[in-house]
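Heads up: the structure comes next, in structure tokens.
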Amino acid sequence: MSEYALEMLGVSKSFSKVKALNNVNLRVKKGEIHALIGENGAGKSTLMKILSGVYKMDSGSIKVYGENVELRNPQESIDKGISIIYQELSLVPDLNAIENVMLGHEIHKCKIINKKEENKFAGKYLDYVSQGSLLDYHAPVRTMSVAYQQMIDIAKSLSYNSQIIIMDEPTDSLTRKEIDILFQIVRKLKEDGITVIYISHRLEELFELCDRVTILRDGEYIADKDISEIDKDWLISNMIGRDLKDTFPKRDRAFTKEAVLEVESLTTDRFKDVSFQLKKGEILGLTGLVGAGRSEVLRAIFGADKLESGKIKLFGEEVEINHPNKAVARGIGFALEDRKAQGLFLNQDICRNITISAHKKVAKKGFINAGKEKTLAQYYFNEMRIASPDIYKICKYLSGGNQQKVVLAKWLATDCKILFLDEPTRGIDVGAKYEIYVLMNKLVQSGVSIIMISSEMPEAIAMADRILVMHEGRITGELSYDEVNEEKIMKLASGEILK
């Protein structure tokens, strides 16, 4: 028997004239947690879709436990004991946990689903992953947190007797506590001989969880190493093909004292008595634990949520903003956290996505001037350095980093002077993050003011000129650039008042 649970050797795949994978190798040992990393667009997703039977490779071979296999469709992959848990979970929202686990392999008796047997069968796997947590097996999964939904998806994979489980960015929407629970489950899978392929852009997680790592870059195999033999700098260097001396670019923190946005005693049912100022050319950080009310504050200022009380001043003038259209008209842009669901029209091209919020510039009496639209889109396409052959590529085929650049381009096309960024680097690899940071610095140097929500403390500390910390709907403290550190942020985020 081979020591490897999986061997993908010399795998190549092209789409039209674009080479997505070129002679890629991936070897994963039995019962290990194996990290697969690379920048967005490196080929990770394409390789995993070949393994899960979604794509057919052009050349190469696949061995599962030493046996050559052909995976021509997802069912053949499942039959060989391979399951994939995607970043966007594949559950039916209105079905409960047991129904989701059993979907596709229901237990029938006389053509009637045997609920008792299904409860027993699915319950075994749900018990395995829930580890005593309060997971209601009979509640619709749409009522559950992302962490609980992930448990159900893992249980579903195990119910197919999967011996190789692929996890694609599983911690992207989880709190630290939920991540710890997920890691416990993954370690238990390893103890029981299940092989896990773990894809994540959060490099620190690899050192906490994984045994070995394989790196892809530009559709090619670069290296594989035991985690114990490497450090973060080695990973970054091999991922991006160059040394990244500083994770965050330096800039001149020379914002003015002029307040472009002032809010006083803002209150809704989600937060209370929020007051602060945003200065011209400043990056103001807004941080705190998930659920503290950070996004809700920006949504209320933007007119997406109704204010109960409070005042908003823009450029010294008191204003009423009760609809996002009014916010945009007054020079505010808002790049939302979930760019796929709320920031982009994924099935539209780059051109249309960039100009969608700037119709006044490209349309007259409701009719779009194609020439003006192309000129405007091309300008911001170049400014944002979006990696694509042209402005007509469909956005769902772009990497996460390039999708985020399109979102930024969309708001800059409106000539916004204030930009709200909610988790601007979520789901983006380290090289693309650096490019987003460079763009942010360029914007504030040009006089744009930014409010950035970030759950990553190193990012908030390095990029923000000031940081406001929230706890349970209230601002508990403000920290300047020269006094901020992680300990102070965590104390304020937990409701403690600094002495």
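Numbers for residues simply follow the sequence, beginning at 1. Values below: every heavy atom of this structure, side chains too, minus hydrogens, waters and symmetry copies. The structure presented is a predicted model; accordingly, all values stated were derived computationally and were not measured.
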Exercise. May I ask you to say whether D224 pairs ionically with R27, meaning some side-chain N is under 4.0 Å from a carboxylate O?
Key: no

Quiz item: Can you check whether S228's main-chain N or O pairs, donor with acceptor, with D226's side chain at less than 3.5 Å?
Solution: no

Exercise. May I have all residue pairs that pass ring pair (Phe, Tyr, Trp, His ring centres under 6.0 Å) and include part of residues 138-157, sequence neighbours excluded?
Key: none

Quiz item: Checking side chain to side chain contact (heavy atoms under 4.5 Å, CB included) for the pair K30/E3: CA distance, chi angles, key distance, verdict?
Solution: CA-CA 6 Å; K30 297 174 186 174; E3 66 174 310; 5.9 Å; no

Quiz item: Does R187 CZ have over 12 foreign heavy atoms under 6.0 Å away?
Solution: yes

Quiz item: Which residue, E456, E459, Q404, forms the side-chain hydrogen bond (donor to acceptor under 3.5 Å, both in side chains) with K433?
Solution: E456

Quiz item: How about I166 and I85: do any of their side-chain heavy atoms sit closer than 4.5 Å?
Solution: no

Quiz item: Does E337 pair with R294 as a salt bridge, N-O distance under 4.0 Å?
Solution: no

Exercise. Find the distance between SG (C395) and CD (Q348) and round it off to the nearest 0.5 Å.
Key: 8.5 Å

Quiz prompt | Over 12 non-hydrogen atoms of neighbours within 6.0 angstrom of NZ in K393 | solution = yes

Quiz item: Charged N to carboxylate O below 4.0 Å: is that the case for R270 and D305?
Solution: no

Self-check item: Test applied, side-chain contact (heavy atoms from CB on, under 4.5 Å); reference residue, S77; option that passes from I164, I82, I62, V64
Solution: I82

Quiz item: Any side-chain heavy atom of I453 within less than 4.5 Å of one from T287?
Solution: no

Quiz prompt | Any L158 side-chain heavy atom under 4.5 Å of L189 side chain | solution = yes

Exercise. Compare every heavy atom of K306 with every heavy atom of T268, then report the nearest pair and how far apart it is.
Key: CG2-O, 3.5 Å

Practice problem: Decide, yes or no, whether a salt bridge links E373 with R352 under the criterion of side-chain N to carboxylate O below 4.0 Å. | Solution: yes

Quiz item: Taking the side chain as C-beta and beyond, is there a heavy-atom pair between L6 and I197 under 4.5 Å?
Solution: yes

Practice problem: Enter the distance from L91:CG to L95:CG here, rounded to the nearest 0.5 Å. | Solution: 9.0 Å

Self-check item: Candidate pair I356 and K410, rule side chain to side chain contact (heavy atoms under 4.5 Å, CB included), full reasoning
Solution: CA-CA 7 Å; I356 194 71; K410 173 182 74 173; 3.6 Å; yes

Quiz item: Would you say the ring centroid of Y125 lies under 6.0 angstrom from that of Y160?
Solution: no

Quiz item: Is the shortest distance from a Lys or Arg side-chain nitrogen in R142 or D94 to a carboxylate oxygen in the other one below 4.0 Å?
Solution: yes

Exercise. Dump the intermediate steps for ring-ring contact (aromatic ring centres under 6.0 Å, His included) on F15 and Y55, then the final yes or no.
Key: CA-CA 11 Å; F15 297 97; Y55 292 157; 5.1 Å; yes

Practice problem: Would you check, one step at a time, whether the test side chain to side chain contact (heavy atoms under 4.5 Å, CB included) holds for I152 with M144? | Solution: CA-CA 10 Å; I152 297 167; M144 301 178 186; 3.5 Å; yes

Quiz prompt | Pairs meeting criterion ring pair (Phe, Tyr, Trp, His ring centres under 6.0 Å) with involvement of residues 176-203, two or more places apart | solution = none

Quiz item: Should the heavy atoms of other residues, nucleotides or ligands under 6.0 Å from CG of D218 be counted, would the total exceed 12?
Solution: no

Quiz prompt | K115: salt bridge (charged side-chain N to carboxylate O under 4.0 Å, His left out) partners, not counting sequence neighbours | solution = E99

Quiz prompt | T143 side, atom OG1; Q149 side, atom CD - distance, nearest 0.5 Å | solution = 8.5 Å

Practice problem: Count the heavy atoms belonging to other residues, nucleotides or ligands that lie under 6.0 Å from CZ of R202, then report whether that count exceeds 12. | Solution: yes

Quiz prompt | Donor-acceptor side-chain pairing of Y128 and D192 below 3.5 angstrom | solution = yes

Practice problem: May I have the step-by-step check of side chain to side chain contact (heavy atoms under 4.5 Å, CB included) for V11 and S59, ending in yes or no? | Solution: CA-CA 6 Å; V11 175; S59 60; over 6 Å; no

Quiz prompt | Ion pair check, E67 and K80, cut-off under 4.0 Å | solution = yes

